[in-house]
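For this chain, numbers begin at 1 and follow the sequence in order.
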Amino acid sequence: AVLPPPAALAAVSVADAFRKLSSDTWVARSVSLADLGLAPIVLGNPDMSREIALPVPPNVPLANATLQMDASFVRADGGRTTLILSLDGFPASARPVSAERGDGSLTLAVDSTPRPAGIVRFNVDWRTAVMRENACTDLRTPGNLLRIDPTTRLTYRFDAASLQDVPTAWAALPATPVL
């Protein structure tokens, strides 16, 4: 292999490399349900909703934040089924589900608001209403199920310059820090 001329090697000094690294203070993060130790989550009767707390640096604005829910569903019991997703207590998506099986994946935009508690609350509500007039029957639907995969993830960026104290910097570390 041919080495570059000495002038080219000198053009990129160690100081230049550190200057370049410190000039970009944006940090990208992605946290999945698997990173949090969660196995697949299955919603159906009687457990029709679940709230999941996804960690973010406390009191730090997020940028380009999205939540990608990877999910699939089966519906054996009919009825009117609705998938409602909420972020931080506010509805973010609601859609009817009428197919017998399919892909329930969705991508949601997450607002940039700093979260004092250091979490984005993600709520999944999987509901089925079975309406039978003039019948005294069991209205539960054990065959209508939503499976949320552990690959479901929150992806975001934040400006490291906005970390103002040690506890916030500590909370901003990735799940598996690298030196």
Side-chain angles (χ1 to χ4, degrees), residues 26-58 60-158 171-178:
W26 286 94
V27 178
R29 289 277 187 271
S30 181
V31 60
S32 70
L33 299 186
D35 295 337
L36 300 175
L38 297 174
I41 297 169
V42 178
L43 298 180
N45 191 22
D47 297 322
M48 295 181 290
S49 68
R50 177 74 54 95
E51 184 167 277
I52 302 162
L54 299 162
V56 296
V60 173
L62 305 179
N64 306 105
T66 60
L67 191 139
Q68 171 63 45
M69 182 178 81
D70 297 331
S72 58
F73 65 87
V74 293
R75 289 180 4 100
D77 294 330
R80 284 188 341 249
T81 302
T82 305
L83 174 60
I84 302 168
L85 304 177
S86 302
L87 293 170
D88 296 322
F90 297 102
S93 175
R95 67 187 233 200
V97 178
S98 58
E100 287 184 21
R101 66 179 47 247
D103 184 10
S105 300
L106 282 170
T107 300
L108 301 173
V110 179
D111 70 53
S112 62
T113 306
R115 275 106 177 141
I119 59 169
V120 171
R121 292 178 16 242
F122 173 48
N123 187 285
V124 182
D125 194 353
W126 174 255
R127 299 283 172 157
T128 299
V130 178
M131 297 181 36
R132 295 185 178 119
E133 292 184 30
N134 302 323
C136 293
T137 61
D138 184 0
L139 299 178
R140 293 178 290 178
T141 55
N144 291 0
L145 303 169
L146 176 72
R147 180 185 191 273
I148 304 167
D149 293 330
T151 56
T152 295
R153 65 203 164 279
L154 172 66
T155 304
Y156 63 93
R157 294 178 348 122
F158 67 92
L173 288 174
T176 52
V178 178

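Contact check for Leu43 versus Arg50: side-chain heavy atoms found under the 4.5 Å cut-off. In this structure, the side chains of Asp88 and Phe122 stay at 4.5 Å or more apart for every pair of heavy atoms. In this structure, Leu33 and Thr151 have side chains that are not in contact, with every pair of non-hydrogen atoms separated by 4.5 Å or more. In this structure the side chain of Val110 never reaches within 4.5 angstrom of the side chain of Val56, judged on heavy atoms. Side-chain contact between Val27 and Arg157: absent, with no pair of heavy atoms (C-beta onward) separated by less than 4.5 Å. Proximity of Pro58 to Ile119: side-chain heavy atoms (C-beta onward) are nowhere separated by under 4.5 Å. Proximity of Tyr156 to Asn64: side-chain heavy atoms (C-beta onward) are nowhere separated by under 4.5 Å. In this structure, Thr82 and Val97 have side chains that are not in contact, with every pair of non-hydrogen atoms separated by 4.5 Å or more.
The existence of a salt bridge linking Asp70 and Arg153 is confirmed by a sub-4.0 Å separation between a basic side-chain nitrogen and an acidic carboxylate oxygen.
Checking side-chain atoms of Ser105 against main-chain N and O of Ala71 turns up a donor-acceptor pair under 3.5 Å. Judged by distance alone, the side chain of Asn144 and the main-chain N or O of Gly44 form no donor-acceptor pair under 3.5 Å. Put simply, the side chain of Ser86 never gets that close to the backbone of Gly89: no donor and acceptor are under 3.5 Å apart. The main-chain N or O of Ala63 is never found under 3.5 Å from a side-chain atom of Trp26 such that the two would form a donor-acceptor pair. Using modelled atom types, no side-chain atom of Arg101 and backbone atom of Ala99 make a donor-acceptor pair closer than 3.5 Å.
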**Request:** Give the C-alpha distance, both sets of side-chain angles, the deciding distance and a yes or no for side chain to side chain contact (heavy atoms under 4.5 Å, CB included) between Leu108 and Gln68.
**Result:** CA-CA 6 Å; Leu108 301 173; Gln68 171 63 45; over 6 Å; no
**Request:** Take Ile84 and Asn123, measure what side chain to side chain contact (heavy atoms under 4.5 Å, CB included) needs, and give me the verdict at the end.
**Result:** CA-CA 8 Å; Ile84 302 168; Asn123 187 285; over 6 Å; no
**Message:** Run the side chain to side chain contact (heavy atoms under 4.5 Å, CB included) test on Arg115 and Val120 for me, step by step, so that the C-alpha distance in whole Å, both residues' side-chain angles and the decisive distance to 0.1 Å come before the verdict.
**Reply:** CA-CA 7 Å; Arg115 275 106 177 141; Val120 171; 3.6 Å; yes
**Prompt:** Stepwise, does the side chain to side chain contact (heavy atoms under 4.5 Å, CB included) test hold for Leu146 with Val124?
**Reply:** CA-CA 10 Å; Leu146 176 72; Val124 182; 3.7 Å; yes
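For Leu83 against Gly104, the heavy-atom pair with the smallest separation is CD2-O, 4.1 Å. Phe158 and Ala172 get closest at one heavy-atom pair: CZ-CB, 3.8 Å. Closest non-hydrogen pair, Arg75 versus Trp126, comes out as CG-CZ2, 4.3 Å.
Under the side-chain hydrogen bond (donor to acceptor under 3.5 Å, both in side chains) criterion, Arg121 pairs with Glu51, not counting sequence neighbours. Under the salt bridge (charged side-chain N to carboxylate O under 4.0 Å, His left out) criterion, Arg95 pairs with no residue at all, not counting sequence neighbours.
Note that OG of Ser30 and CG of Asp35 are 7.0 Å apart. Values are rounded to the nearest 0.5 Å. Remark: Leu67 CG to Thr152 OG1 distance equals 7.5 Å, nearest 0.5 Å. Remark: Met48 CE to Arg127 CZ distance equals 4.0 Å, nearest 0.5 Å.
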